[in-house]
Amino acid sequence: MNKIIYLGKKSDLSDNLIQGETIDLGGSLLFPGVVDPHVHFRDPGLTQKENFFTGSRAAVAGGITTVCDMPNTEPPTDSLDNFNEKKKIGEAKSLVDFGLHAMLIESLEERKKLGSAGVTSFKLYPEISDDSNVLTFRDEKEIVSIHPEDPRVLGEHVDTGGDFETFLQSRPKQAEISEINKILGSAAGSHLHFCHLTARESLDLIGKENKKITCEVTPHHLLLDRSHLQEFGPIAKTYPPLRTRKDRKALLEGLEDGMIDIVATDHAPHTSEEKEKGLMEAPPGIAGIETSLPLIYTLVEKGKLSLYRLVEAMCLSPAKIFGLVNDEGIPKGALLPGADADLVALDHEQKWEIKGRDLHGKTKFTPFEGQEVSGRPFLTLVRGEIVFRDGYVTGEEGHGKFLPKKE
Ligand code: DOR
Ligand code: ZN
Ligand code: ZN
């Protein structure tokens, strides 16, 4: 059985509906599988950093059952051919169900083809492609995901020496504010989705609009700040950079009150050799897919976030925003009869310490090293299959299915 058929008391269920294994969760918490719509699994072309199998292994160990992969692979996902190539790779290697983002390309014809093939969204990296593209983007059915850093502002304000200050000044929050302003001022008729917000001012800007706009926050921008960059160096280097405690507070408030729609990890693995290059040269990115649920659950445990918002922002809302549904049109991330049996059980009483060496992806380091968290995922199911149990990944490579975006 790969779907949820009933929710309720066992005593109300007739015996003939109970088939196969019975698992007593012993009073632990059962969540819908977490949906992470922003991951970089680096496959094809950058598989020294991660691949679809290792990335999805880390996902299931962290209670994540659906992901959407970003297009900055080699080759990039910028044509139907490359999209189909990546889809095959995912189908062969993934443990979790997956959608695929494509680059925001200029060719309307190719965009149409990608749309019919079920692309999740078109991603705009203003540093790579011209964002005037988005000004003419008027298809209501399509989603444009934006990495909001305006290249015109990057590098503008650097005036002090020292890697730490230079790096932070080179990517100021004004770049985010400027890019968001530019996009909001455009005539884009598509659904706009702003990735990994870092600044209070961004929330104010987006809050004033009544267009169809959604946005996300990462666990690292919520829970870490420039002090962690100072402590961890390149391991905590990410674009956009970690900001201040004040920004973190505003992001947490935004997540709780729904101004920020979802949590997405921006899981962006790099090799340890690359991260040893020093703050200015090391590539940006934090591998966070496995630690996301425990970190956000810890906020619930501390009374800083409601359990309701955790489930909404990590499970159902990302599925609804990106049109991730099962074969009957029921969204992922839902605990409902008829929904796919994507489930994660969390031992909410367990307190444990995050250690990079225990992670299941290729990256064995994390800026959350040594942080104590509450709640440990111990059982993950993808469409009824046990893919992770008691610390071991049990799922089979290729179990994951491609999910075309539903309009
Ligand atoms: O920190 C980042 N890493 N930001 C990005 O926009 C890209 C990502 C990556 O692919 O490594
Ligand atoms: Zn980005
Ligand atoms: Zn990203």
Side-chain angles (χ1 to χ4, degrees), residues 36-52 55 58-59 67-78 86 98-104 120-129 131 134 143-151 154 167-168 170-171 173 175-176 179-180 183 192-199 202 214-221 224 226 228-229 232-243 262-275 277 279-289 292 318 322 361-363 365-367:
D36 186 352
H38 188 153
V39 308
H40 299 264
F41 279 177
R42 310 295 194 202
D43 207 345
L46 299 163
T47 52
Q48 71 280 13
K49 300 172 195 266
E50 195 75 288
N51 64 47
F52 239 105
V67 300
C68 301
D69 189 59
M70 282 294 165
N72 59 339
T73 41
E74 280 178 17
T77 315
D78 60 359
K86 186 182 276 190
F98 63 95
L100 298 175
H101 300 281
M103 291 288 188
L104 179 57
T120 304
S121 88
F122 292 95
K123 179 79 186 272
L124 171 68
Y125 291 98
E127 276 182 277
I128 303 176
S129 55
D131 58 10
V134 93
I143 304 175
V144 180
S145 295
I146 300 130
H147 174 110
E149 283 189 294
D150 185 345
L154 296 176
F167 168 65
L168 285 179
S170 71
R171 301 193 84 94
K173 65 157 79 164
E176 181 170 303
E179 186 63 32
I180 292 174
I183 303 282
L192 301 172
H193 178 78
F194 290 104
C195 297
H196 46 53
L197 294 185
T198 68
S202 307
T214 51
C215 62
E216 68 186 38
V217 67
T218 69
H220 48 270
H221 290 113
L224 304 176
R226 47 184 285 144
H228 299 90
L229 180 66
F232 285 93
I235 286 176
K237 175 180 177 179
T238 183
Y239 293 167
L242 301 174
R243 307 279 186 213
I262 60 171
V263 173
T265 67
D266 196 4
H267 178 75
H270 296 286
T271 65
S272 47
E273 292 75 28
E274 290 170 309
K275 285 292 197 183
K277 285 182 185 159
L279 196 56
M280 295 309 284
E281 287 75 38
I286 292 171
I289 199 168
S292 180
F322 291 103
K362 284 203 179 183
T363 304
F365 48 82
T366 162

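When a ligand or atom number is given, it counts from 1 through the structure's own listing order.
Between Arg42 and the choices Gln48, Glu74, His270, Glu50, the side chain to side chain donor-acceptor pair (under 3.5 Å) rule is met once, by His270.
Looking at Asp266 and the Zn ion (ligand 3) together, the shortest N, O or S contact belongs to OD1. Counting just the N/O/S atoms of His40, the one with the shortest distance to the Zn ion (ligand 3) is named NE2.
At least one N, O or S atom of His38, from either the backbone or the side chain, sits less than 2.8 Å from the Zn ion (ligand 3). For the Zn ion (ligand 3), the set of nearby N, O or S atoms under 2.8 Å includes none belonging to His147.
Note on ring orientation: taking the six-membered ring where Trp is involved, the planes of His38 and His40 are tilted (angle from 30° to 60°).
Salt bridge Glu274/Lys49: present, at least one basic N to carboxylate O contact under 4.0 Å. At a threshold of 4.0 Å, the pair Lys86-Asp43 does not count as salt-bridged, since none of the basic side-chain nitrogens sits closer than that to a carboxylate oxygen.
Aromatic pair His147/His196: centroids less than 6.0 angstrom apart. Ring pair Phe322/His101: centre-to-centre distance below 6.0 Å.
Taken to the nearest 0.5 Å, the CG atom of Leu224 stands 6.0 Å off from the CD1 atom of Ile286.
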Tabulated below should be the N or O atoms of ligand 1 paired with protein N or O atoms at under 3.5 Å; can you produce that?
unit_1   : atom_1 : unit_2 : atom_2 : d
ligand 1 : 1 (O)  : Thr238 : OG1    : 3.1
ligand 1 : 1 (O)  : Tyr239 : N      : 2.8
ligand 1 : 1 (O)  : Tyr239 : O      : 3.4
ligand 1 : 1 (O)  : Gly285 : N      : 3.4
ligand 1 : 3 (N)  : Pro284 : O      : 3.1
ligand 1 : 4 (N)  : Tyr239 : O      : 2.9
ligand 1 : 6 (O)  : His147 : ND1    : 3.0
ligand 1 : 10 (O) : His40  : ND1    : 3.4
ligand 1 : 10 (O) : Arg42  : NH1    : 2.9
ligand 1 : 10 (O) : Asn72  : ND2    : 2.8
ligand 1 : 11 (O) : Arg42  : NH2    : 2.8
ligand 1 : 11 (O) : His270 : NE2    : 3.1
ligand 1 : 11 (O) : Pro284 : O      : 3.1

>> Using the rule given for side-chain contact (heavy atoms from CB on, under 4.5 Å), can you reason through Val39 versus Met70, listing the C-alpha separation, both sets of side-chain angles and the distance that settles it, and then say yes or no?
In response: CA-CA 6 Å; Val39 308; Met70 282 294 165; over 6 Å; no
